[in-house]
Number of protein chains: 2
Amino acid sequence: MKQPIGVIDSGVGGLTVARELMRQLPKETFLYLGDTKRCPYGPRTEEEVRAFTWQMVNYLLRKNMKMLVVACNTATAYTLSELQESLDIPVIGVIDPGARAAIKVSRNKRIGIIGTEGTIESHAYPDALVSIDQKIRVNGLACPPFVPMVEEGILSGPKAERIVSHTLQPLKDRNHIDTLILGCTHYPLIKDLVQKEMGNHIQVISSGEETAREASLILAYHKLLEKNDSTPVHEFYTTGDIEKFRLVANSWFDEPVQILKSIELEHVPSSAY
Amino acid sequence: MKQPIGVIDSGVGGLTVARELMRQLPKETFLYLGDTKRCPYGPRTEEEVRAFTWQMVNYLLRKNMKMLVVACNTATAYTLSELQESLDIPVIGVIDPGARAAIKVSRNKRIGIIGTEGTIESHAYPDALVSIDQKIRVNGLACPPFVPMVEEGILSGPKAERIVSHTLQPLKDRNHIDTLILGCTHYPLIKDLVQKEMGNHIQVISSGEETAREASLILAYHKLLEKNDSTPVHEFYTTGDIEKFRLVANSWFDEPVQILKSIELEHVPSSAY
């Protein structure tokens with residue numbers, strides 16, 4: 001039997017990361033767990049986010065996963081180091097892959113980052129970038145209208161263009177960035193709009209694509225890559241409304257979600273200890 | 001004192017990988033060893049390549065390196081697994097990073113790969129690509145004129161354009177690739193020419209850039225990243241003519257090479273055992 005890879009997120013945003021993981025690692029089986037009921041994590045305390053994340057992790061550990069991807073910026077910022085130290089499987093988050101990709105492509109060392117207010121205020125991306133290269137200058141911009149817009153399915157057309165244009169204006173007015181990191185898992189769905197608004201001279205980095213790329217390396221490095229070519233069957237779990245989740249998942253994926261289960265996390269232990 | 005990262009190559013080609021490593025990891029110190037005297041490795045037997053590679057590795061192990069980058073396609077193909085199993089430091093090669101980057105960017109799963117005759121005949125890139133995704137179709141093309149052209153410094157102008165255009169013609173005539181891997185460490189120096197010849201709809205992947213990106217991840221993953229911001233002083237070693245090496249290195253790097261030493265490898269043990 002194929003050993004699965006766990007992907008956890010506060011809700012549906014991490015599905016863009018799961019989609020990229022499935023595309024770049026087509027032999028692998030994924031278990032996706034979205035804590036839709038308690039989403040968003042952004043406004044929650046660090047203690048809450050840690051407790052909820054551990055509940056998700058402990059739930060998936062019972063399913064024998066060989067690797068864990070934390071596909072949520074907030075959960076990555078608060079729990080990645082702790083998970084990496086506690087678990088005996090590889091754990092990767094969504095922040096560092098985007099940072100490393102930006103360092104690779106930027107020529108003028110001026111990098112923009114857009115995300116939720118929580119992610120921008122956490123300074124997680126600037127910290128990751130500057131820890132590698134102190135000469136990098138980072139321009140962060142919180143884009144609160146983007147998540148609700150994406151979740152309402154407004155992904156193109158004049159209204160979407162207007163919102164994107166208006167929200168990104170402060171970033172366009174500032175220093176001459178040559179690279180922009182999409183620091184929120186919802187944003188890849190409006191990547192084309194952002195690219196058009198910022199101009200083709202800006203390299204737009206999608207954290208999901210980069211996280212999948214790094215997951216591929218870490219699996220290979222640990223000799224954990226699946227060799228069997230048979231088509232994998234992925235499983236999706238949500239703590240919230242199952243039909244709402246299916247609607248979003250089916251509109252974001254090329255193929256309809258097959259196995260989808262509703263679960264409760266409240267009674268799962270919230271720490272590994 | 002900073003613990004260095006070792007970079008080995010059969011000659012000068014790996015300098016393009018070293019340049020990218022220095023750009024993406026500006027706090028790290030690098031030791032570059034080019035076996036210019038016995039280069040190229042392409043036409044040599046597997047046994048010879050393994051013996052020479054082990055001599056380089058054993059020479060650098062005495063200098064307390066924390067990581068090894070095999071910046072040579074031939075040496076990677078023949079020795080990477082063996083080195084990874086034998087050494088207790090992380091070891092990365094140049095083949096898999098290019099393959100993973102191509103999988104990330106390709107949308108139609110048709111990937112081209114250009115390299116020396118040895119690299120193309122070894123099937124190392126197609127093997128790496130297909131082991132991850134069996135639906136990928138690979139078009140390999142050996143480009144023998146490119147290495148001598150680059151080493152003679154013919155990097156632009158009508159003659160260079162004519163050679164590139166003529167050499168790449170078979171690849172342009174074949175299936176519709178959307179991604180092309182530069183599978184030889186000399187080729188990044190003519191990346192712009194290749195891009196122009198293939199057209200802007202083709203994504204050109206430079207193995208050196210991708211190897212540096214993956215080195216950055218592996219260092220972070222093992223908590224080996226240098227924290228000290230002081231400017232590193234890199235060291236270069238060659239088994240061949242020191243002035244010829246300096247000439248090439250200085251024309252490829254933005255800053256002149258400082259510490260450059262001539263060494264003999266013939267008396268270094270050729271295996272770890």
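Since the model is a prediction, treat every value here as computed from it, not as a measurement.
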Engineer: Select one option (side chain, backbone, both, neither) describing which atoms of B:K109 are under 4.5 Å from chain A's heavy atoms.
Structural biologist: side chain
Engineer: Output the option from B:A212, B:P90, B:A220 having the highest count of non-hydrogen pairs under 4.5 Å with chain A.
Structural biologist: B:P90
Engineer: Quick check: closest heavy atoms across B:S216 and A:I132, and the distance to 0.1 Å?
Structural biologist: OG-CD1, 4.1 Å
Engineer: With a sphere of 6.0 Å drawn around NE2 of A:H123, does it hold more than 12 non-hydrogen atoms of other residues, nucleotides or ligands?
Structural biologist: no
Engineer: Would you confirm whether A:R213, through its side chain, and B:I103, through its main-chain N or O, come within 3.5 Å as a donor-acceptor pair?
Structural biologist: no
Engineer: Taking the side chain as everything from C-beta on, heavy atoms only, tell me whether B:L217 gets closer than 4.5 Å to A:D96.
Structural biologist: no
Engineer: Does A:K104 come within less than 4.0 Å of B:E20, counting only side-chain N to carboxylate O?
Structural biologist: no
Engineer: Which atoms of B:I218 come close to chain A, meaning under 4.5 Å heavy atom to heavy atom: side chain ones, backbone ones, both, or neither?
Structural biologist: side chain
Engineer: Kindly state each residue pair satisfying ring-ring contact (aromatic ring centres under 6.0 Å, His included) with at least one member in residues 86-108 of chain B, sequence neighbours excluded.
Structural biologist: none
Engineer: Non-hydrogen contacts under 4.5 angstrom with chain B: give the residues of residues 178-206 of chain A involved, or none if there are none.
Structural biologist: none
Engineer: Which atoms form the tightest heavy-atom contact between A:K27 and B:S131, and what is the distance?
Structural biologist: NZ-O, 2.7 Å
Engineer: Is chain B contacted by the side chain of A:D133, its backbone, both, or neither, given a heavy-atom distance below 4.5 Å?
Structural biologist: both
Engineer: Between A:E214 and B:R100, is there a side-chain N and carboxylate O pair less than 4.0 Å apart?
Structural biologist: no
